[in-house]
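Report on the following structure.
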Protein chains: 2
Amino acid sequence: MRKVVSSGQPTIKEIAKKLNISVSTVSRALHDHHSIGLRTKARVKQLAAEMNYERNQTAVYFQQGRTFTIGILLPELSEAFFSSAISGIEDTAYSNDYTVLLGQSHDDEAREKQIIQSMKQHRVDGCIVSIGKNTRNYDHFEMLRQAKIPVVFFDRIPDLPNIHTVSCNLESGTIQAVDFLLKKGHRVIGMINGPEQLVASKERATGYIKALRKHRLKYDPELIVNADLTAAGTSQAMEYLLSLKRKVTAIVTFNDYVAMDAVQYALKQKLEINKDITFVSYANTPVSGYTAFPPAASVEQFPYEQGKAATNMLLSLLSGEHALNEYNNMLMESQLVIHDR
Amino acid sequence: MRKVVSSGQPTIKEIAKKLNISVSTVSRALHDHHSIGLRTKARVKQLAAEMNYERNQTAVYFQQGRTFTIGILLPELSEAFFSSAISGIEDTAYSNDYTVLLGQSHDDEAREKQIIQSMKQHRVDGCIVSIGKNTRNYDHFEMLRQAKIPVVFFDRIPDLPNIHTVSCNLESGTIQAVDFLLKKGHRVIGMINGPEQLVASKERATGYIKALRKHRLKYDPELIVNADLTAAGTSQAMEYLLSLKRKVTAIVTFNDYVAMDAVQYALKQKLEINKDITFVSYANTPVSGYTAFPPAASVEQFPYEQGKAATNMLLSLLSGEHALNEYNNMLMESQLVIHDR
DNA sequence: ATCGTTTACGCAAACGCTTGCGCGGTTAAC
DNA sequence: GTTAACCGCGCAAGCGTTTGCGTAAACGAT
């Protein structure tokens with residue numbers, strides 16, 4: 001037969017041979033099985049330690065049909081939001097003796113499908129997924145469902161029925177943000193929103209409107225502008241907002257990057273930040289605190305906690321204590337963090 | 001025998017049975033083995049496709065003794081530098097059909113050891129590691145060596161003989177940075193350096209000194225100050241530097257965060273950035289470009305490329321085309337990126 | 001002395017896949 | 001027409017581990 005490289009690692013077989021007992025006894029001894037005598041257990045364990053034995057997990061995985069591995073698929077590993085999320089995921093996975101398999105889609109649907117495929121082949125026990133922004137077809141997730149591999153979607157969740165999700169309620173955060181500005185006396189509040197099709201944009205818009213309604217103020221559609229999140233787009237949006245007859249004194253921006261671009265534009269127009277114009281944003285990056293003119297407040301989305309929550313949800317799914325037709329949808333509250341009163 | 005959950009996934013056994021041929025033929029057919037007839041190949045492949053067959057990788061891994069998985073251990077997944085590096089690692093691993101197993105040490109030596117242990121049990125083919133800053137004992141890596149699992153250290157590399165490394169030469173970058181400032185006419189250049197024990201601090205300092213020497217300028221030790229990288233520490237350092245008799249007109253800061261803190265301090269002192277005082281830094285974050293006063297230039301360390309290089313090195317190690325006593329140490333050049341002339 | 005019970009261990013199958021080798025049968029070479 | 005080469009496929013071992021079941025020996029109870 002083929003000579004396998006064998007890697008030199010000792011196996012329970014060798015232990016068994018040296019001790020003149022059967023492999024099953026060794027296996028059970030190492031697992032502290034009750035039907036193994038204390039003496040035998042001790043002898044096995046000692047020899048195992050001496051030989052530097054280490055259980056071959058690949059064999060176990062194969063035999064058990066489980067890998068104690070969870071796959072995590074994200075658009076961009078290097079985006080601050082996601083890397084915090086990964087951190088949360090890895091931490092909770094680690095403390096539950098799971099390991100984490102990683103993949104990034106770069107917002108490319110084809111690559112997303114391939115990664116899911118690869119994870120399926122790796123026989124991950126479950127997946128945590130944030131879909132790419134261009135993904136329109138969800139067949140790959142349907143395959144996971146058929147393979148009975150549970151999936152928890154988080155943050156960027158697809159528009160599908162019967163799925164598990166963890167996401168952040170941006171509406172409430174937006175309401176808090178607008179509330180904050182209203183309390184500071186602002187009456188004409190602009191919003192640089194993101195692309196219309198994004199759920200996140202919709203949530204921001206409805207939050208904005210609801211906040212105004214709460215204060216019995218009329219909502220002026222002119223004050224919300226959809227931008228493309230690029231620096232150029234933000235400049236245009238700023239130009240537009242500042243050109244309105246009603247003098248805009250505060251602006252809610254889609255995220256911190258947009259906020260920073262907007263600040264740049266405002267500075268060029270010789271506006272004084274937090275005086276002539278006040279910004280409120282959404283926290284995508286911990287670095288915004290370091291900028292010269294951070295937003296007066298920002299809506300925190302707790303990526304680390306989201307990752308943690310998603311992982312816990314997946315783990316409880318894996319523990320099998322859920323009915324198959326039971327779907328968890330967790331909505332975390334976002335929270336306004338005030339930097340400058 | 002125990003009824004395994006079987007997961008419903010079809011196996012080559014079933015394919016063989018349906019086609020009335022042997023499993024070995026099916027296996028070979030799926031691998032396009034030359035000794036299988038074209039007709040048979042076609043029939044097997046078609047049925048496999050119909051049945052939605054998918055090869056059980058855990059079985060293959062187990063059988064082959066390889067996992068096509070590389071473990072990556074980093075201090076903090078959410079740090080911008082590392083998350084870029086991960087991105088590079090994942091990208092090149094992906095395009096070489098490897099997958100990535102993730103772990104973060106949080107700079108905790110015990111956890112680092114456990115993760116390495118876990119990766120070893122997972123039978124990863126190799127590891128890419130950036131060690132924690134508190135790690136003093138390297139036994140866990142010695143175990144990997146004994147298990148013949150190759151390791152490539154990157155960025156934060158331990159002081160060990162006979163290891164593979166990828167790191168960035170900060171000295172040359174620093175020389176470029178100081179050159180840049182000298183060419184702009186600055187003659188009194190301060191440096192806010194990091195803690196003395198860090199290799200990175202030493203490299204910066206020697207780069208600074210060498211650059212001055214190159215220009216036949218005398219080196220004034222007063223101008224280099226070691227800080228602790230906190231905002232408070234940076235303020236103190238700034239206060240010190242600005243209090244010197246010789247008027248400091250430019251400062252090299254340890255990283256972008258320090259630079260931003262330093263800028264804040266300078267602004268409070270009513271100094272005009274890039275006029276009264278110019279900053280040069282090291283690029284740890286892509287966000288610094290968004291700040292109101294980015295450094296005039298920054299030393300780029302190319303984390304993505306470092307990740308890529310480390311992965312390629314590991315892959316070539318895995319391909320087995322290297323002598324065992326041959327150790328690769330790659331030193332990437334850092335490069336000054338000029339933002340403001 | 002008989003019986004049930006517990007204790008302590010071994011046997012062997014099974015997980016899904018790969019692969020060295022063997023073996024009939026066809027084809028080409030001399 | 002004999003030999004050699006080759007094609008196409010099956011047999012079966014083996015990767016390391018877990019685990020249902022069988023079974024001796026020991027023991028207490030009746």
Side-chain angles (χ1 to χ4, degrees), chain A residues 1-45 48 51-68 120-123 125 147, chain B residues 1-45 48 51-68 120-123 125 147:
Chain A
M1 278 289 103
R2 186 176 51 100
K3 274 277 172 286
V4 173
V5 206
S6 86
S7 82
Q9 298 266 51
T11 69
I12 51 171
K13 249 181 209 174
E14 304 173 22
I15 297 184
K17 192 157 291 171
K18 292 204 184 189
L19 255 40
N20 244 333
I21 56 180
S22 75
V23 289
S24 46
T25 305
V26 175
S27 173
R28 280 190 258 253
L30 291 173
H31 284 87
D32 267 326
H33 195 278
H34 64 273
S35 84
I36 302 296
L38 285 165
R39 282 196 56 82
T40 326
K41 271 186 199 169
R43 292 204 313 152
V44 169
K45 286 185 181 174
M51 295 177 64
N52 242 307
Y53 168 77
E54 210 158 67
R55 174 222 243 105
N56 185 338
Q57 287 290 9
T58 65
V60 178
Y61 293 159
F62 164 55
Q63 206 262 353
Q64 309 267 16
R66 302 191 55 179
T67 57
F68 291 95
K120 196 176 151 204
Q121 291 194 168
H122 263 264
R123 296 291 206 268
D125 291 347
Chain B
M1 278 288 102
R2 186 177 52 100
K3 272 277 173 288
V4 172
V5 206
S6 85
S7 81
Q9 299 268 49
T11 70
I12 52 171
K13 245 181 214 173
E14 303 172 23
I15 297 185
K17 192 158 291 173
K18 291 204 185 190
L19 255 41
N20 244 333
I21 56 179
S22 76
V23 288
S24 45
T25 304
V26 175
S27 172
R28 280 191 257 252
L30 292 173
H31 283 88
D32 268 327
H33 195 279
H34 64 275
S35 84
I36 301 296
L38 284 165
R39 282 196 57 81
T40 327
K41 269 186 198 169
R43 292 203 314 151
V44 169
K45 286 184 181 175
M51 294 177 65
N52 242 306
Y53 169 77
E54 211 158 65
R55 175 222 243 105
N56 185 338
Q57 287 289 11
T58 64
V60 179
Y61 293 159
F62 163 55
Q63 205 262 350
Q64 311 265 16
R66 304 190 53 178
T67 57
F68 290 95
K120 196 176 151 204
Q121 291 196 167
H122 264 263
R123 296 293 207 266
D125 291 347

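Each chain gets a letter, A, B and so on, in the order its sequence line appears, and its residues count up from 1.
Using bins of under 30°, 30° to 60° and over 60° for the plane-to-plane angle, the ring pair Phe68(B)/Tyr61(B) lands in the tilted bin.
In this structure, the CD atom of Gln9(B) is 14 Å from the C1' atom of dC15(C), given to the nearest Å.
Put simply, Tyr53(A) has a side-chain N or O that comes within less than 4.0 Å of OP1 or OP2 on dT17(D). Checking the phosphate oxygens (OP1, OP2) of dT18(D), a side-chain nitrogen or oxygen of Arg55(A) falls inside 4.0 Å. Between Thr25(A) and the phosphate of dC9(C), there is no side-chain N or O to OP1/OP2 separation shorter than 4.0 Å. Under 4.0 angstrom from either OP1 or OP2 of dA14(C) there lies no side-chain N or O belonging to Lys13(B).
Taking every side-chain heavy atom of Val23(B) into account, dT18(C) is the closest of dG16(C), dC11(D), dT18(C). Each of dT18(D), dT18(C), dG16(D) was ranked by its minimum atom distance to the side chain of Val60(A); first place goes to dT18(D). Minimum atom distance to the side chain of Gln64(A) is reached by dT19(D), of the listed dC15(C), dT19(D), dT18(C). Closest to the side chain of Ile12(B), from the set dT19(D), dT17(D), dT18(C), is dT18(C).
Within the 4.0 angstrom heavy-atom criterion, only backbone atoms of the sugar-phosphate kind lie near Thr40(A); the bases stay farther away.
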Derivation of the side-chain contact (heavy atoms from CB on, under 4.5 Å) call for Val60(A) and Arg55(A): CA-CA 8 Å; Val60(A) 178; Arg55(A) 174 222 243 105; 3.6 Å; yes
In sequence, state the C-alpha distance, the side-chain angles, and the governing distance for Asp32(A) and Lys45(A), and then conclude on side-chain contact (heavy atoms from CB on, under 4.5 Å). CA-CA 10 Å; Asp32(A) 267 326; Lys45(A) 286 185 181 174; 2.9 Å; yes
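Side-chain contact between Arg43(B) and Leu19(B) is present, with at least one heavy-atom pair separated by less than 4.5 Å.
Evaluation of atom-type donor-acceptor distances gives no pair under 3.5 Å for the side chain of Ser22(B) against the base of dC11(D). Between the base of dC15(C) and the side chain of Thr11(B) there is no donor-acceptor pair shorter than 3.5 Å.
Lacking a ring centre under 5.5 Å from that of the base six-membered ring together with a plane angle below 30°, Phe62(A) does not count as stacked on dT17(D).
Using a distance-only test at 3.5 Å, with no hydrogens or angles considered, a donor-acceptor pair links the side chain of His33(B) to the main chain of Ser35(B).
For the segment residues 26-37 of chain A, residues with any heavy atom less than 4.0 angstrom from an atom of DNA chain C are, sorted by number, Arg28(A), Ser35(A), Ile36(A), Gly37(A).
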